[in-house]
Amino acid sequence: MSSIYYYLSAFLFCLGLLGTIFKKDLISILLCLELMMGGVSLLMILMSRATGVLESQLIVFFMIIISACEVAIGLSLIIALYRKKQTIYTDDIKIITE
Amino acid sequence: MISDILLTIITMVFALMVVFSKKTVVSALALLMTLLSIAMIYFQLGTLFLAAIQVLVNAGAVAILFVFVMMLINLEQFENNREKGKVKLVISVLAVLVIMGIFALIINNNIEVLTANNIPDNSMKLLFDKLFSVYYLPFEMATVLLLAALVACIVITGHEKAHKVELEESHE
């Protein structure tokens with residue numbers, strides 16, 4: 001009876017996607033990206049359990065490393081942006097369109 | 001069966017809190033609880049090593065990093081960060097539920113399962129055999145990636161003094 005977790009991982013991914021699209025500040029967007037990452041890695045673990053292939057557990061291991069790097073660099077970019085523009089809201093950052 | 005449904009419900013509630021709460025601090029803490037619940041699901045599924053890594057890295061480091069950066073940035077909403085009584089109650093009840101869930105899982109499983117000799121299918125040993133033989137190069141690349149991320153963070157955030165010197169030179 002672990003099939004409910006498949007729905008949970010899909011739910012987490014969709015919820016994270018929703019938040020990534022509709023949130024307005026950059027920190028919340030990063031939080032929602034982490035949520036999506038959690039959903040995907042949960043699905044990977046479930047696949048590893050269903051098929052018996054150990055490689056997908058290793059993929060989750062590397063995904064955790066990569067997501068840690070992503071969060072660290074993203075947050076440092078946010079800090080650099082805040083120093084320059086004094087804002088973290090996406091509406092205030094229109095460097096490309098201006 | 002019941003623990004599966006309970007864990008799913010707890011994870012869903014916290015995930016909804018991440019997206020729909022107005023305050024960023026609340027969503028960061030809700031993300032922490034979501035990651036802890038996902039770690040409990042890993043534990044339930046028998047992948048003990050990844051559960052431990054999830055707690056250590058994702059819940060322990062990443063979620064705290066978010067809170068730390070929020071402190072540095074000093075958002076406007078931090079001025080009134082006193083939660084209303086109801087929200088506080090709900091959050092604390094859910095946190096207590098999660099911690100009780102951890103204890104229930106540990107008690108429900110036989111303690112023998114938790115000892116290193118009786119890991120289901122010896123999966124951790126197989127995992128590390130693969131990690132340090134076939135996938136040795138990706139593992140080393142991951143360490144290099146972590147080092148590169150460290151250097152990148154320092155370069156991105158810590159060159160204010162150099163930038164100021166450049167500005168002064170350009171003014172002169």
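Convention: sequence-line order gives letters A, B, ...; per-chain numbering from 1. Excluded from the calculations below are hydrogen atoms, water molecules and symmetry mates; all remaining heavy atoms, backbone and side chain alike, are included.
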Pick one of side chain, backbone, both or neither for [X], based on which atoms fall under 4.5 Å of a heavy atom in chain A.
| X | answer |
| --- | --- |
| B/Ala61 | neither |
| B/Thr34 | side chain |
| B/Leu65 | both |
| B/Ser37 | neither |
| B/Tyr42 | side chain |
| B/Leu7 | side chain |

Can you tell me how the ring of B/Phe49 sits relative to the ring of A/Phe61, calling it parallel under 30°, perpendicular over 60° and tilted otherwise?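 The rings of B/Phe49 and A/Phe61 sit tilted, inter-plane angle from 30° to 60°.
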
For each of B/Leu131, B/Thr143, B/Ile38, B/Leu145, tally heavy-atom pairs with chain A at distances under 4.5 Å, and name the one with the top tally.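 Ranked by contacts with chain A, first place is B/Leu131.
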
Can you tell which of B/Val62, B/Leu150, B/Val57, B/Leu50 has the highest number of heavy-atom pairs within less than 4.5 Å of chain A?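 Looking at each option in turn, the highest pair count goes to B/Leu50.
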
Under 3.5 Å, is there a donor-acceptor pair linking the side chains of B/Thr8 and A/Tyr7?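 Per modelled atom types, B/Thr8 and A/Tyr7 side chains form no pair under 3.5 Å.
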
Who passes ring pair (Phe, Tyr, Trp, His ring centres under 6.0 Å) against B/Tyr135, sequence neighbours left out?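 Counting only residues at least two positions away or on another chain, B/Tyr135 forms no ring pair (Phe, Tyr, Trp, His ring centres under 6.0 Å).
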
Does A/Ile21, at its CD1 atom, have more than 12 non-hydrogen atoms belonging to other residues, nucleotides or ligands within less than 6.0 Å?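 Counting other residues, nucleotides and ligands, CD1 of A/Ile21 exceeds 12 neighbours.
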
So among B/Ile73, B/Val25, B/Val67, which one has a side-chain contact (heavy atoms from CB on, under 4.5 Å) with A/Ile27?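 Running side-chain contact (heavy atoms from CB on, under 4.5 Å) over B/Ile73, B/Val25, B/Val67 with A/Ile27 returns exactly one hit, B/Ile73.
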
